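Read the structure below first, then the notes.
Hydrogens, waters and symmetry mates play no part in the numbers below; they use all other heavy atoms, side chains included. All values derive from a computational prediction rather than experimental measurement.
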Amino acid sequence: MGPNAVLFEMVSPMKLICIVVLLWMFAAAPASAQVDFTGTWQRVGQNDNGAAREPVDLLGMPLSADGRAKALSYDIAALSATERQCQMYPPFYALVGPFPLQFVMVPDPVTQKLLAWKILGWGDRDETMIWMDGRPHPSKNAPHSHGGFTTGTWEGDTLTAVTTHAKLGDIKRHRGFSSDRATLTYRFNRHGDVLTVTGILEDPVSLAEPYVLTENFRLTTNPNNFPLTACEPIEELPTLHENPALVPHYLPGKHPAMNEMTERYNIPLEAVVGGPETMYPEYRKKLKDKYVMPPPCKEGCGGPPAAAPAAGRGGGPAPQGGPQGGRGAAPPAPPAGRGSDPAPRK
Amino acid sequence: MRNAAPTLMLVVLGLVALEAQRGGGAPQPARAPRAAAPIDLTGYWVSIVTQDWRWRMVTPRKGDYQGVQITPEAAKVADAWDPAKDEAAGEQCKSYGAPALMSVPGRLHITWQDDNTLKVDTDAGQQTRLLRFGNVQTADAPRSWQGVSQAQWLMPRPNVPLQLRPADRTADTPSAPPSGGSLQVVTKNIRAGYLRKNGVPYSENAVMTEHWDLYKRANGEEWLTITTQLEDPQYLRSARLTAPIFKKEPNGSKWDPTPCSSRW
């Protein structure tokens with residue numbers, strides 16, 4: 001009696017057929033998912049998504065007139081108002097915030113198949129649960145949350161996710177605000193250990209056209225700098241505590257930092273305040289006769305580490321993937337809270 | 001029990017035949033890259049400048065290298081930037097080389113030059129990149145602003161880890177067949193140039209790897225993201241990773257060829 005005979009003695013033919021059929025089904029079914037995102041993805045941040053030195057920097061943001069008015073009325077002191085101290089960032093903050101993306105697979109408890117991807121939250125951004133089981137989005141009248149409601153589908157190797165039902169929140173840190181009618185479409189493309197996220201933000205209230213940003217992340221096995229702390233309300237401005245009726249804001253045209261970009265970089269104010277036309281190449285024709293290159297950079301210029309010859313130009317070391325995203329002159333500490341935005345900001 | 005063996009063989013043979021019908025059988029003759037393209041990149045595309053606007057839409061001030069992780073040697077080169085010198089040397093296109101070109105505000109016109117070559121023309125700087133499929137010899141090729149680009153389609157993988165199949169609420173509905181794909185391009189043999197108009201340099205030994213990903217939306221919009229990784233140990237402390245964005249346009253009515261400029 002050979003080994004095959006032993007196998008036939010141990011496993012009935014019907015069972016064997018079932019096994020073969022099951023193996024075939026699972027091995028050859030059309031692909032509906034390709035890529036595993038599990039793990040911690042460190043932000044590369046070699047762009048200015050989350051970095052801006054000047055409070056009024058709306059360059060390249062396709063804001064509507066209403067969106068611009070809201071952005072220019074904003075006073076960061078508003079975050080010290082009691083009701084706003086734990087106002088979290090919206091889902092778009094995954095692209096413009098300083099922290100990594102931590103992906104967790106959520107399996108169906110019975111089948112163990114993919115039920116959802118979860119992007120864990122940060123101290124000031126709610127978690128994002130990307131439902132993969134085909135469930136519909138809620139009614140438009142359903143409650144909105146800081147994290148919103150997100151569903152996902154596979155398109156080949158790409159994960160596409162759509163978020164609705166998020167509350168109002170910053171588009172970029174303290175620069176422009178999306179409304180609770182906004183929709184965010186994400187595209188997650190993994191190429192080796194690099195994850196590229198493309199975000200398309202659409203908002204009938206704040207934006208005249210979709211606002212599209214990309215961010216790159218690298219898979220890391222050493223995920224530090226990950227402050228998963230809950231928000232802790234703190235009175236930071238005594239004046240607000242003493243006068244709870246005060247609502248920090250700026251009246252139209254009165255933002256004190258309105259001209260900083262123009263003074264520092266010679267960029268015309270009409271470009272600084274954004275608008276859809278500012279993100280297209282032909283806008284350069286409007287700028288050509290108005291722009292004069294400013295004198296050489298003396299501070300906040302980025303550059304090699306301080307010990308290198310270019311030291312003293314404002315260029316501290318900026319390790320790739322650090323919480324500030326690697327902008328050359330970024331301060332080392334991540335933002336501690338919504339009300340503690342450092343100035344100058346990076 | 002042993003009488004079950006023929007039955008089992010029949011079942012297995014049947015499954016093999018079925019699998020062959022589903023496209024998993026004998027390999028088909030290789031198709032030309034143009035015919036095998038999993039995504040259609042041809043057409044006119046406009047760059048959407050929502051990132052690094054201050055360094056892309058205007059010529060940044062000298063010595064401003066924020067966001068680029070340069071070496072001390074690169075800082076020296078950037079600090080010595082002199083556009084007049086570049087003009088005198090006939091090198092106005094130094095900031096339009098392959099590592100910078102896709103971030104230059106402008107439009108792309110992508111066509112098939114032949115069955116094995118995707119041609120990418122830009123109106124800004126009037127440059128042409130040739131993305132060649134198949135075996136491309138780079139060793140003896142002369143250096144140029146656009147270098148030599150080796151292209152390859154990345155197809156969606158047909159087999160899926162069991163866990164990553166979605167738990168579908170609509171049971172028994174067949175999954176969609178694999179779709180999409182990506183274009184990978186590796187570019188070498190480039191002339192040294194500038195990552196930014198203000199002289200932040202890359203060296204001639206830089207190697208650029210790109211992944212071109214297309215997104216067709218239900219509303220008809222098409223978006224292109226080009227994940228770009230530039231490795232240049234001479235001038236970069238770590239690989240530079242960017243992902244410029246393009247939106248498809250219906251035609252070339254906004255195509256606006258402009259020559260290279262050292263100053264604007």
Side-chain angles (χ1 to χ4, degrees), chain A residues 8 13 16-17 20 24 26 28-34 36 44 46-49 59-60 107-108 111-115 132-135 155-158 187 189 191 196 198 211-214 216 265 279-281 284 287-288 291 293-294 296-297 301-304 308-310 320 326-328, chain B residues 1-2 4 7-8 11-12 15 19 24 46-54 57-59 61-72 75 105-106 156-160 162-170 175-181 211 213 215 225 227 238 240-243 245 264:
Chain A
F8 274 96
L16 207 53
I17 290 169
V20 171
W24 169 76
F26 287 125
S32 50
Q34 310 294 328
D36 189 359
V44 172
Q46 294 178 343
N47 56 51
D48 64 352
N49 282 356
L59 292 169
D108 181 282
T111 66
Q112 296 299 298
K113 288 184 181 180
L114 179 65
L115 182 63
M132 299 294 294
D133 58 353
R135 69 182 64 189
E155 294 172 29
D157 285 352
T158 302
R187 296 276 287 179
N189 290 101
H191 297 292
T196 301
T198 304
Y211 185 42
V212 186
L213 288 181
T214 56
N216 293 306
Y265 308 113
M279 61 182 184
Y280 289 99
R284 297 184 77 231
L287 293 168
K288 193 170 183 180
Y291 176 77
M293 189 169 63
C297 188
C301 313
Q320 185 171 5
R327 305 298 294 189
Chain B
M1 283 290 188
R2 290 175 191 184
T7 309
L8 184 61
V11 169
V12 170
L15 293 178
E19 174 62 12
V46 59
S47 58
I48 302 296
V49 188
T50 53
Q51 297 173 302
D52 288 348
W53 196 101
R54 188 156 69 76
M57 290 292 272
V58 296
T59 304
R61 55 191 172 168
K62 187 174 180 177
D64 184 348
Y65 11 77
Q66 272 200 69
V68 187
Q69 309 231 327
I70 57 173
T71 62
R157 283 159 287 180
N159 291 317
V160 187
L162 175 58
Q163 271 199 319
L164 295 182
R165 290 194 185 123
D168 199 339
R169 287 192 156 196
T170 53
S175 304
S179 62
H211 290 94
D213 289 298
Y215 176 32
T225 300
T227 302
S238 61
R240 177 161 172 75
L241 258 170
T242 54
I245 310 155
W264 179 250

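- Taken from CG in A:Leu213 to CD in B:Gln51, the straight-line distance is 5.0 Å, to the nearest 0.5 Å.
- Among all heavy-atom pairs drawn from B:Val58 and A:Leu287, the shortest one is CG1-CD1, 3.9 Å.
- The two atoms that bring A:Gly156 and B:Pro156 nearest to each other are CA-CB, 3.9 Å, heavy atoms only.
- Relative ring orientation between B:Trp264 and A:Tyr291 is described as tilted, the plane-to-plane angle lying within the 30° to 60° band.
- The nearest pair of heavy atoms linking A:Pro281 to B:Ser47 is CD-O, 3.5 Å.
- Considering only heavy atoms from C-beta on, B:Gln66 stays 4.5 Å or farther from A:Cys297 through its side chain.
- With a 4.5 Å cut-off on side-chain heavy atoms, A:Pro304 and B:Thr71 do not count as touching.
- Smallest separation of non-hydrogen atoms from B:Gly67 and A:Gln46: O-CB, 3.8 Å.
- Proximity of a side-chain donor or acceptor of B:Thr227 to a complementary backbone N or O of A:Thr196 within less than 3.5 Å is not detected.
- Residue B:Ile48 touches chain A through both its backbone and its side chain, counting heavy-atom pairs closer than 4.5 Å.
- Residues A:Leu59 and B:Met57 are not in side-chain contact: their nearest non-hydrogen atoms beyond the backbone lie 4.5 Å or more apart.
- Side-chain atoms of A:Asp48 come within 3.5 Å of backbone N or O of B:Asp52 as a donor-acceptor pair.
- Of all the heavy atoms in A:Val212 and B:Thr50, the pair that sits closest is O-OG1, 2.6 Å.
- The backbone N or O of A:Met293 lies less than 3.5 Å from no partner atom in the side chain of B:Arg61, so there is not a single donor-acceptor pair.
- Using modelled atom types and a 3.5 Å distance limit, the side chains of B:Thr225 and A:Thr198 yield a donor-acceptor pair.
- Residues forming a side-chain hydrogen bond (donor to acceptor under 3.5 Å, both in side chains) with A:Arg187 (at least two apart in sequence, or on another chain): A:Glu155, A:Thr160.
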